Amino acid sequence: MDYNFQDIEKKWRAFWAENKTFRAEDNSSKPKFYVLDMFPYPSGAGLHVGHPLGYIASDIYARYKRLQGFNVLHPMGYDSFGLPAEQYAIQTGQHPAVTTKTNIEGGVDNQGNKIAGYRNQLDIMGFSFDWDREVRTSSPDYYKWTQWIFKQLYNSYYDTKADKAQSIDMLIAEFDKNGNAEVNATHDCDITFSAEEWKAFSIKRKEEILQMYRLTFLADSWVNWCPALGTVLANDEVVNGVSERGGHPVEQKLMRQWSMRIKAYAERLLTGLDTIDWTDSIKDQQRNWIGKSVGAAVRFPLWRGTEGEDHKDLDPIEVFTTRPDTIFGVSFMVLAPEHPLVDQITTAEFAAGVAEYKKQASLKSERDRQADVKNITGQNTGAFAIHPFTGEKVQIWIGDYVLASYGTGAVMAVPCGDQRDWEFAKHFGIEISNIFEGKDISEGAYTEKDAVIANSDFLNGLPAPKAIKLAIYEIEKRGIGKGKTQYRLRDAVFSRQRYWGEPFPVYYKDETPYLVDDKHLPITLPEVDKYLPTEDGEPPLARAEKSAWNHFEGDRMEYNTMPGWAGSSWYFLRYMDPKNDNEFVAKEKVDYWQNVDLYIGGSEHATGHLLYARFWTKFLYDLGFVPFDEPFKKLINQGMILGTSAFIYVLSVKVKMKKGYQGTHYMAMLPWQVVIPKQMYLEFNDNKFNQTNQLLEELSKTDYLDESIEIDFESINKNNIRPYHISVSLVNSSSEVDIVELKDWLGYSADELDFSLIGDKYVVGHEVEKMSKSKYNVQTPDELVTKFGADTLRMYEMFLGPLEQAKPWDTKGINGVHNFLRKFWRLFNIDESGNAQLSNEAPSKEALKTLHKTIKKVGDDLDRFSFNTGVSNFMICANELTDQKCNNKQILEELVVLLSPYAPHVCEELWVKLGNEAGTLSYAKFPQFNEAHLVEANIAYPVSFNGKMRFKIELPTALTPKEVEAEVLAFEQTQKYLEGNTPKKVIVVPGKIVNVVM
RNA sequence: GCGGAUGUGGUGAAAUUGGUAGACACGCUAGACUUAGGAUCUAGUGCCGCGAGGUGUGUGGGUUCGAGUCCCUCCAUCCGCACCA
């Protein structure tokens, strides 16, 4: 009987769903294991072959752990709030909840497109998810608890002495008692008040102050505003100055926004990385993002004698430096052009220059400023500061290499020790003093920390590390500053001016925010007439009628919604207890399941989701809600599966009037778009114009031209060629596309293209790119499952190569994997009535050897997540057993268990055919490796001469190295390779190799 | 510029602790069979060479009896960060 994968897979999927085979038990004596995938955003495009890669790997691992006797939690859900559904809603008027539901559950959208549905697409892959635990971040049952966690953050501040989050009530009590002078907290409060002053503040004023301490707070802050998306974006959502989604321009705007005081956790987010098993690449990205630098904050007072101007009412300039040891090398200071002090200190003489420079700087976008690194610019202010140690006058400049947003927006410039300062000084002719013993600074700054300090008073003769410590000590002693650690990590903007997100559990009275009481949660999304901002520019929720809110309080509700990362920062906890209506997760459940043992997902979340989830976990840990402070113990980033795009090439040709027809003016006409052969495109790209001119001559014969116009050959060059994406589904295996089908696919845009240069077949160009709908290179798993079955697809995706590696999608090899499964099936000798014809005798020695070799290798491969080599080992095993004509039941039964994590459907079927109870395979025992079966009487020793392998010699395994040496030297071929030399030495590695040294 | 990763046949790749480089699969070549299939089977397939043999894991060097693997140098590709004081 043939391997009928379609019937088999359908049957077992139904069986698993009906029997809830993969239900995880919350109360179990078994050890737990938590395998998690990054849950998908359910887009209308559906799953492509890249999505399941990680899911297949995690599913294989989850099944493996079940066979090893673990109680496995392997859930799946949807990150179902987000921009695409909302954009779609704006276009079509359809409620995003409806679109989202269709995208998950399948159906037909209001454009008439059939949507397969994520759930159906996931189901056909045979994943062993416990679907009873599904979560959707957009479900009110879920976001009720996202709102609740927000409230906990609001009601907390970060106590830097206890190094943990504490209740805001403790802070208020302290304010009542002592004011804020002695408070150890992470905050943005720049005023000091006594208990009496605090008590005298109005409620509104008190709240304004508390906002500067709360872990989530409302503040006017500079945010990344994306006009095209109509919302603010977090720093990790802005890449190279444009929005991560859609690539729209982003500008800086001062707005009143909710933020998360993630800064408070900077140090713990950094040190926590050492305790988790993630790749160095992701850890480094997070370290980089947090950006810790250790140094000192130093105050430079302003010099007060500048030509009658008096600065005595101005604060000193505070700078941050990581090299306080070089403070005697300071020869000037540089402020960011936006620094608030600039206008106040600039002297009359330089006022015009400063104003001009500030204007120039403000015209440049942040991106331009970053791109233009080589060009040194700056402007003297005419003002001076006083060096806090030497008392000397130090010039104050402004320059846009100093960023207003980092540190204090001011630097003490040490040209001998910092290359940018050095270049600035050289450019403007400022003195460069050397404070390093025996270092040449004529060609550039000396930036290493291994120099000995000189010309620096009390620091003379000290190496940098010691000098740094002593300098900080002196700075603090003299009260001119203090040791300080600075982080690049900025507080994360937490509100979005969008509809399709979690509403805040917040209302306003007199423009002061208040939390909604727990008993009113969740605040559900109100209905609105349009998903667009109001005419006053308020977010879409401002459109909601008072009655549209399920709870309304105060003057108004909060109009912003939460960002995408809110729901995904804690979803792994909800899977443990998805239906709990009283708590976000029950204590005993989180105590049992603990944190995620294995997390698989893409590396694009390095500084977004993965950092925020760690932050929230640490916060929940501080408050005692969870017993661990890192969410994901081991993380594997699966590589992206890339698509192969297909291109046609379009040449834009200009035409001009021939001489004698209305003079020689260019005719204003539509560009003539000619589809050119790939060969021609390649020649153009190599600048081989001569050859292509022949093709262009053919062009000049086409109907498009008449006696009055001709091609303007001078306008033709490679910049006029545009590769044009076409659907890969049109292309056959020889890279050809049928022109009739192509025109049909292009629809009306085909009318704008001239196909006269090509025949009825066209050879397309290929390029490997990210899979995306707009590139028409998406391969869905569905059709492959229909053709080959899910078991084949699962194994094939693993067989492609190491999980972490990016790889282009190519179905060429899928037959090989499919053939393996057919070969495996044939081993069972299944007759026409469906019964396996197998031998019950004791297995042969060689079959046992093959089996145990495979058990060992496959088991080891799984332990190190080497899924691709696992597949190879199954193939080798099947090949060997076929050669051996093995039909032994005992052997095959163990193999079925071994293979079942990779190919669960066919193994369930065979398991039953072997006489086992349906559904018990998933909880069978993983085969036990027995080394005894691998022991052989003889071994074929490879014999090398000077490290070159020459021949093999079959010898008993039991021989001692001395005996092996004697056998090898006595062997007839040995003389030939010795070439008359006497061996100097013979190396024998027992069981491995012999090397004869001459 | 800094940090991380990766370089092995025509292709995807394997080699887990320094011990037979290229397993396994695709593709290709030749053949067999046939109910002509995306079927199966046999043999071959790193490169040069008729062969003996030589040569071969990005480059150049080193350590070692022995290096894809360890050390140093340089090159290329990809990813992240980037006047971060």
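Computed from a predicted structure; not experimentally measured. Every chain is numbered from 1 and lettered A, B, ... according to where its sequence line falls, protein lines coming before strand lines.
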Would you indicate what A:N819 reaches in the nucleic acid, counting non-hydrogen atoms under 4.0 angstrom: base, sugar-phosphate, or nothing?
-> sugar-phosphate
Testing B:C81, B:C65, B:U55 for proximity to the side chain of A:I987, the answer is B:C65
Minimum-distance nucleotide to A:T321 side chain [options: B:A85, B:U16, B:U55] | B:A85
Using the C1' atom in both, what is the distance from B:U8 to B:G46, to the nearest Å?
-> 10 Å
Select base, sugar-phosphate, or nothing to describe what A:N995 touches, counting heavy atoms under 4.0 Å on all strands.
-> base
Pairs counted as Watson-Crick or G-U wobble with both distances under 3.5 Å: what dot-bracket string results for RNA chain B, using | for bases tied to another strand?
-> (((((((..(((......[....)))((((((.......))))))(((....)))..(.(((..]....))).))))))))....
A:E880: which of A:K849, A:K853, A:E846, A:M875 passes side-chain contact (heavy atoms from CB on, under 4.5 Å) | A:K853
Testing B:G19, B:U40, B:A14 for proximity to the side chain of A:N868, the answer is B:A14
Of the candidate nucleotides B:C65, B:A13, B:C24, which contains the atom at the shortest distance from the side chain of A:P802?
-> B:A13
Closest to the side chain of A:N288, out of B:U16, B:C81, B:G19, is B:C81
d(CG, A:D280; P, B:C81) in whole Å = 17 Å
When rounded to whole Å, the CD1 to C1' distance for the pair A:I468 and B:A85 reads 13 Å
Do A:F951 and A:F971 have ring centres separated by under 6.0 Å?
-> yes
Among B:G4, B:A13, B:A25, which is the nearest nucleotide to the side chain of A:F799?
-> B:A25
Determine, step by step, whether A:Y796 and A:H818 satisfy the ring pair (Phe, Tyr, Trp, His ring centres under 6.0 Å) criterion, reporting the C-alpha distance in whole Å, the side-chain angles of both residues, the deciding distance to 0.1 Å, and the verdict.
-> CA-CA 8 Å; A:Y796 182 59; A:H818 190 62; over 10 Å; no
Phosphate-side-chain proximity, A:R420 and B:G1, N/O vs OP1/OP2 below 4.0 Å | no
Choosing from B:A15, B:A85, B:U20, which nucleotide comes nearest the side chain of A:T869?
-> B:A15
Euclidean distance for P, B:U45 against B:G22 (whole angstrom) | 12 Å
Is the NZ or CZ atom of A:K292 both under 6.0 Å from the centre of the six-membered ring of A:Y487 and within 45° of that ring's axis?
-> no
Rounded to the Å, how far apart are A:D860 CG and B:A15 C1'?
-> 14 Å
Which of B:C83, B:G53, B:G19 is nearest the side chain of A:L403? It is B:C83
Say you pick atom P in B:G4 and the same atom in B:C72; how far apart are they, in whole Å?
-> 13 Å
Separation of the C1' atoms in B:U20 and B:C28, to the nearest angstrom | 26 Å
Looking across every strand, which nucleic acid part, if any, lies under 4.0 Å from A:K787 by heavy atom: base, sugar-phosphate, or nothing?
-> base
May I ask you to say what A:V411 touches in the nucleic acid, namely base, sugar-phosphate or nothing, with a heavy-atom cut-off under 4.0 Å?
-> base
Assign A:K952 to base, sugar-phosphate, or nothing according to its heavy-atom contacts below 4.0 angstrom with the strands shown.
-> base
For the residue pair A:F389 and A:H387, categorise the inter-ring angle as parallel (less than 30°), tilted (30 to 60°) or perpendicular (more than 60°).
-> tilted
When the distance from NZ of A:K263 to C1' of B:C84 is rounded to whole Å, what number comes out?
-> 14 Å
Can you check whether A:R822 has a side-chain N or O nearer than 4.0 Å to OP1 or OP2 of B:G38?
-> no
The side chain of A:S281 lies closest to which of these nucleotides: B:G4, B:U55, B:C83?
-> B:G4
For B:A25, does either OP1 or OP2 sit under 4.0 Å from a side-chain N or O belonging to A:N879?
-> yes
hbond_proxy A:S872 side chain to B:A23 base (donor-acceptor, 3.5 Å cutoff) | yes
Side chain to side chain contact (heavy atoms under 4.5 Å, CB included) involving A:N879 - partner list, sequence neighbours excluded = A:K823
Would a line drawn from the ring center of A:Y61 to the ring center of A:F865 be shorter than 6.0 Å?
-> yes
What is the distance from OH of A:Y977 to C1' of B:G54, rounded to the nearest Å?
-> 13 Å
Is the glycosidic angle of B:G10 within 90° of 0, making it syn, or outside that range, making it anti?
-> anti
Let me know, please, whether A:R826 or A:M412 comes out on the 5' side of the other along RNA chain B by nearest nucleotide.
-> A:R826
When the ring centroid of A:F424 is compared with that of A:F332, is the distance short of 6.0 Å?
-> yes
At under 4.0 Å between heavy atoms, what does A:S293 touch on the DNA or RNA strands: base, sugar-phosphate, or nothing?
-> sugar-phosphate
With a non-hydrogen cut-off below 4.0 angstrom, is A:D810 in contact with a base, only sugar-phosphate, or nothing?
-> nothing
Would the number of heavy atoms belonging to other residues, nucleotides or ligands and lying under 6.0 Å from NZ of A:K856 be above 12?
-> no
Short side-chain N/O contact to B:A13 OP1/OP2 from A:Q805, under 4.0 Å | yes
Can you tell me how far P of B:U16 sits from CG of A:L803, to the nearest Å?
-> 19 Å
A:K358, NZ: over 12 other non-hydrogen atoms inside 6.0 angstrom | yes
For A:M949, which contact category applies under a 4.0 Å heavy-atom criterion: base, sugar-phosphate, or nothing?
-> base
Relative to the 5' end of RNA chain B, which residue comes earlier, A:D418 or A:S603, by the nucleotide with the nearest heavy atom?
-> A:S603
Value in whole Å for how far the C1' atom of B:C24 lies from CZ of A:F820 | 11 Å
Is a donor-acceptor contact shorter than 3.5 angstrom present between the side chain of A:K812 and the base of B:U11?
-> no
If you check the A:V402 side chain, which of B:C24, B:G4, B:A85 turns out closest?
-> B:A85
